[in-house]
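The analysis underlying the following values was restricted to heavy atoms, covering all of them including side chains, and did not include hydrogens, waters or symmetry mates. Throughout, residue positions are numbered sequentially from 1 according to the sequence presented.
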Amino acid sequence: MKIGAIETSRLSLVPLAVEHADEMADVLSDPALHVFIGGVPHSPQALRSRYERLVAGSPDPSVTWWNWVIRLREEKSLTGTVQATISAGEHGCAAEVAWVVGTPWQGRGIATEAARGLVAWLREQDVQAICAHIHPDHHASAAVAAAAGLAPTGQWHEGEIRWELPAR
């Protein structure tokens, strides 16, 4: 399945392309962004290599990677990313979602709007289960997950709490 853009009131979630790497390297350049997600900011070249791998798709045929950049239409600028890793399960498709918004755009509801748009789109694709893994001290990300309809489960995965969208 080929993904398309997802439109929300202020945002366009645009399918990730290698050409986004230069602008996104700047968007994601604040080391503070990596406190909870780990790692360090990527150079444009390193991000281009990463995006080439992501766009090529998962080497595991049972897993699909869907990635978008977040474009704030009013400012005509990229502000972050959302992603969904899709896997087939015994009860249909399941998605693990994640989001990141660059520091200059935080606190404006962009992550919440993007996550809500992504979750709604995944539901339209008949994804049965949606989850996210969030560091217990990352209160802003927990607020985004809650606003997107996910709830903490009490299950832990690699130091993060598993959040799930309750079944319909």
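- Side chains of R123 and L165 form a contact here, defined as non-hydrogen atoms less than 4.5 Å apart.
- A donor-acceptor pair shorter than 3.5 Å cannot be found between the side chains of D60 and S58.
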Could you pull out every donor-acceptor pair under 3.5 Å between side chains of residues 141-158 and any protein atom, sequence neighbours left out?
from, atom 1, to, atom 2, distance (Å)
S141, OG, W99, NE1, 3.1
T153, OG1, Q155, N, 3.0
T153, OG1, R162, O, 2.8

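- By the 4.5 Å side-chain criterion applied to Ile, Leu, Val, Met, Phe, Trp and Tyr, V40 is assigned to no cluster and stands alone.
- Note: W121 and W66 have perpendicular aromatic rings, judged against thresholds of 30 and 60 degrees for the angle between ring planes.
- Hydrophobic clustering, with ILVMFWY side chains joined whenever heavy atoms are under 4.5 angstrom apart, groups V100 together with L54.
- Residue W105 holds its CH2 atom at 9.0 Å from CG of L72, rounded to the nearest 0.5 Å.
- For the pair N67 and V55, the minimum side-chain heavy-atom distance is 4.5 Å or more.
- One hydrophobic cluster holds both L47 and W65 under the rule that ILVMFWY side chains link at heavy-atom gaps under 4.5 Å.
- Environment of CD in E75: crowded, with over 12 heavy atoms of neighbouring residues, nucleotides or ligands closer than 6.0 Å.
- In this structure, T85 and T64 have side chains that are not in contact, with every pair of non-hydrogen atoms separated by 4.5 Å or more.
- One finds the CD1 atom of I130 at 4.5 Å from the CG atom of L122 (value rounded to the nearest 0.5 Å).
- Contact record, A95 with A84: CB-CB, 4.5 Å, taken as the closest heavy-atom pair.
- Nearest heavy-atom pair across Y51 and M24 is OH-CB, 3.4 Å.
- The side-chain hydrogen bond (donor to acceptor under 3.5 Å, both in side chains) pairs that include a residue from residues 34-44 are S43-Q45, where partners are two or more places apart or lie in different chains.
- Listed for the E23 side chain is a donor-acceptor partner under 3.5 Å among the backbone atoms of L78.
- In this structure the side chain of I70 never reaches within 4.5 angstrom of the side chain of T81, judged on heavy atoms.
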Test Q106 against V101 for side-chain contact (heavy atoms from CB on, under 4.5 Å), laying out the working first. CA-CA 6 Å; Q106 291 179 1; V101 170; 4.3 Å; yes
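- You'll find the side chain of I86 stays beyond 4.5 Å of the side chain of V63, heavy atoms only.
- The shortest heavy-atom contact between H133 and C131 is CE1-SG, 4.0 Å.
- Two residues are said to be in side-chain contact when any heavy atoms from C-beta on lie closer than 4.5 Å; V82 and V97 fail this criterion.
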Show every donor-acceptor pair shorter than 3.5 Å between a side-chain atom in residues 13-21 and any protein atom, with sequence neighbours excluded, or say none if there are none.
from, atom 1, to, atom 2, distance (Å)
H20, ND1, A17, N, 2.9
H20, ND1, A17, O, 3.3

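- Sorted by first then second residue, the salt bridge (Lys or Arg N to Asp or Glu O under 4.0 Å) pairs that include residues 27-50, not counting sequence neighbours, are D22-R48.
- Annotation: side chain of C93 is not in contact with side chain of Q128 (no heavy-atom distance under 4.5 Å).
- Among pairs with a residue in residues 8-18, those fulfilling side-chain hydrogen bond (donor to acceptor under 3.5 Å, both in side chains) read E7-S12, T8-E113, S9-E113, R10-E113, S12-R73, at least two apart in sequence or across chains.
- Looking at heavy atoms from C-beta onward, W163 lies in side-chain contact with I161 at the 4.5 angstrom threshold.
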